[in-house]
Protein chains: 2
Amino acid sequence: MATISDVARLSGLSRSTVSRVLNNYPYVSEEKKRLVNEAMEQLNYFPNASAQKLRNQKTETIAVLIPMLTNPFFAYLLQGIDTIATENGFQLLVCQTRYDKEKELNFLNLLKSKQVDGIILTSIENSWDQLEPFLKYGPIVMCNEYEKTAKNVPSVRLDQVYGGYIATRHLIEKGHSTIAYCRGAFRSGIASDREIGYRLALEEFNLPYREELMFRAAADSRDGEEVFKKLMTLKERPTGIFTGSDQVAAGIIKQAKLNGIEVPKELAVVGFDDQPIAEIVVPEITTVKQPIHEIGEKAMGLMLNLLLPNESDSIEEVELQLQLIERAST
Amino acid sequence: MATISDVARLSGLSRSTVSRVLNNYPYVSEEKKRLVNEAMEQLNYFPNASAQKLRNQKTETIAVLIPMLTNPFFAYLLQGIDTIATENGFQLLVCQTRYDKEKELNFLNLLKSKQVDGIILTSIENSWDQLEPFLKYGPIVMCNEYEKTAKNVPSVRLDQVYGGYIATRHLIEKGHSTIAYCRGAFRSGIASDREIGYRLALEEFNLPYREELMFRAAADSRDGEEVFKKLMTLKERPTGIFTGSDQVAAGIIKQAKLNGIEVPKELAVVGFDDQPIAEIVVPEITTVKQPIHEIGEKAMGLMLNLLLPNESDSIEEVELQLQLIERAST
DNA sequence: TTGTAGGCGTTATCAG
DNA sequence: CTGATAACGCCTACAA
């Protein structure tokens, strides 16, 4: 590949001038500009990105840490992030942690090696103390998952306590008094918050909290199927269940159908997220809608704010709303 | 951030020696090694990636061009690629083309700017003539989508003609004689090949090919629902339908249920891919299984072969098998 | 408006 | 085994 020197040589000008044309500097005569452009054309010149990054000390690249690409929730989140990133000329380095603490920690080094200008966290595997020190090396933005103790990190928040509350209350209002809660298997402030909301609703309606109605599954439909089976073994079977994702809800509904349990008559199911699958399954799934794409957009927006401090007011926090969508599964 | 010079200074050695320690060179005395490591520790040193890339002329990064992250097929493909990439210390730059020719072309410039060592294409928006010239600048590997005219590109292939054939034959053997085919909306050699297979099967069993049974939808369940509605308006309704993805199949099945059409008795449905959704929906979807994760793994494997020519034999082509999975929807 | 020179942080070559 | 030096390709004072 040709370098800037080749272009300079061919056009009979200096490297500086070529660079100026390249970067649209104001004071270059049309004449030389033409010359340079011709030379670039002829040599099929393209600037070397590593050289630019080294020189400019920035990369226009953001690392996005994601547990699992195949979890549709994260795919949508990523797409939201990508939308805003692309609009602003940023690239995304996608980093799958696979729910692994060590991997997560390694990826944070991307900041130290200046391979990326910032990092967006969509989950947290380590405790915040572990991650905090990396703030020294560049901006970190959190979305989806969050840490209450982390005061100084810009983040996109949703009131997950409220989410758990409205889901549970909805079931209660539908006449259910024995309601299970099925959360993810991993360490998660989100899941815990929703559980708080779940309990809040129970309390409000004077319903007892019962340990045997709590399930910890991972996040997919197969886990949902397992949960259903366990449900069937309980002495006192719940008539309603609130789950951490639509995938899990779908798995439960599937097994219910296969076992002749009618949804929602015999078992009412509430999902979470409002992913496409919520509307594919029959009956469609009542769910707590998260504006997933928007969460991603806002997160990347926060990142840009930190990176380009020209936009006067640097918003450091965004709050988005959860919303119950009632469908046929309750 | 500290640089290699800082480490050199603090340890009282030269930059060369520091660099040698950094890169595990053989001939460094244990003594100095210790000194260097201490200094690095103390300064919290981390090598600058851009400088290394500039110097070494390689990036250990691969760009993966993908139409849409939220299409689960591509999410799984990407995860397959990521698995092998990670194992070998490579990073992935994820590039969404959103089915846009121009975006695709722009991403290819990553090769010219040496931002990545290679590119994996999971779809093709432009004609191959447009893309071919970029081969000069680095390796390109194709998986999933392919171009028959592209002789000289390593690729992971699946016999999509066969896929279309076995799906259609299966429906015929189930007793259907009016069979629809529903493909994606975009330009695609895959979809065309499957159509060839579809026709082959019809011919073999002396069934007529009929234009009105061909549908062009995009790729998701909502499109499937639309297709179902169109199906219902036909004078002579098909009793079997073969679709380009499990998503579309799921959409069709959903609308069938909602409209009191029994699957498979009144309408048999065959999907494609064998994605998780194929087993979530009731009835479960008969489908042509693609080893999606493996396709991704093999593609990245081919890329590594091109990049690290030490592995004597450079395999330039991988062929994987499609397989019909019979489930309750047929 | 243009050119010269120096440095961004590494690593490879060569000499010692 | 270790150190000096040049070079990777680009950008930006500074000088002209």
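Order of the sequence lines sets the chain letters (A, B, ...), proteins ahead of strands, with each chain counted from 1.
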Asker: Return the 5'-most residue of the pair A/Arg20, A/Ser5 with respect to DNA chain D, ranking by each residue's nearest nucleotide.
Answerer: A/Ser5

Asker: Nearest whole angstrom, please: distance from the P of C/dA12 to the CD1 of B/Ile4.
Answerer: 11 Å

Asker: Using whole Å, what does the distance between atom P of nucleotide C/dC14 and atom OH of B/Tyr27 come to?
Answerer: 17 Å

Asker: What integer distance in Å separates B/Arg15:CZ from C/dT13:P?
Answerer: 16 Å

Asker: Looking for any heavy atom pair under 4.0 Å, which part of the strands does B/Thr3 touch: base, sugar-phosphate only, or nothing?
Answerer: sugar-phosphate

Asker: Under the 3.5 angstrom rule, does the side chain of A/Ser19 hit a backbone N or O of A/Arg15 as a donor-acceptor pair?
Answerer: no

Asker: Salt bridge check: are A/Glu30 and A/Lys33 linked by an N-O gap of less than 4.0 Å?
Answerer: yes

Asker: Does the side-chain hydrogen bond (donor to acceptor under 3.5 Å, both in side chains) test come out yes or no for A/Ser188 and A/Glu145, once each step is laid out?
Answerer: CA-CA 7 Å; A/Ser188 157; A/Glu145 188 65 80; 3.3 Å; yes

Asker: Which parts of residues 42-63 of chain B get close to DNA chain D, meaning a heavy atom less than 4.0 angstrom away?
Answerer: B/Leu54, B/Arg55, B/Gln57

Asker: When we call it a touch if two heavy atoms are under 4.0 Å apart, what does A/Ser29 touch: a base, just sugar-phosphate, or nothing?
Answerer: sugar-phosphate

Asker: Show the numbers, then the answer: is there a side-chain hydrogen bond (donor to acceptor under 3.5 Å, both in side chains) between A/Ser123 and A/Glu125?
Answerer: CA-CA 7 Å; A/Ser123 74; A/Glu125 305 310 327; 3.2 Å; yes

Asker: More 5' along DNA chain D: B/Ser14 or B/Lys114, using each one's nearest nucleotide?
Answerer: B/Ser14

Asker: Please check this pair: side chain of B/Asn23 against backbone of B/Tyr25, looking for a donor-acceptor N/O pair closer than 3.5 Å.
Answerer: no

Asker: Quiz question: by atom type and distance under 3.5 Å, do the side chains of B/Thr59 and B/Asp117 form a donor-acceptor pair?
Answerer: yes

Asker: Salt bridge or not between B/Arg98 and A/Asp82? Use side-chain N to carboxylate O under 4.0 Å.
Answerer: yes

Asker: Below 4.0 Å from chain A heavy atoms, what is the first contacting nucleotide of DNA chain D and what is the last?
Answerer: D/dG9 to D/dA13

Asker: Taking atom types as modelled, find out whether B/Arg34 and B/Ser11 have a side-chain donor-acceptor pair closer than 3.5 angstrom.
Answerer: no

Asker: Inspect the surroundings of NZ in A/Lys298 and state if more than 12 heavy atoms from other residues, nucleotides or ligands are less than 6.0 Å away.
Answerer: no

Asker: At what angle, to 10 degrees, do the two end axes of the helix from C/dT1-D/dA16 to C/dG16-D/dC1 meet, given five pairs define each axis?
Answerer: 40°

Asker: Take atom CG of B/Asn24 and atom C1' of C/dA12, then tell me their distance rounded to the nearest Å.
Answerer: 17 Å

Asker: side-chain hydrogen bond (donor to acceptor under 3.5 Å, both in side chains), that's the test. Do A/Tyr137 and B/Asn44 meet it? Break it down for me.
Answerer: CA-CA 11 Å; A/Tyr137 306 112; B/Asn44 200 349; 2.4 Å; yes

Asker: Can you tell me the distance, in whole Å, between the OH atom of B/Tyr25 and the P atom of C/dC14?
Answerer: 13 Å

Asker: Hey, does B/Thr17 reach any base, or is it just sugar-phosphate, or nothing, if we go heavy atoms under 4.0 Å?
Answerer: sugar-phosphate

Asker: Report yes if the side chains of B/Leu110 and A/Gln91 come closer than 4.5 Å at any heavy-atom pair, otherwise no.
Answerer: yes

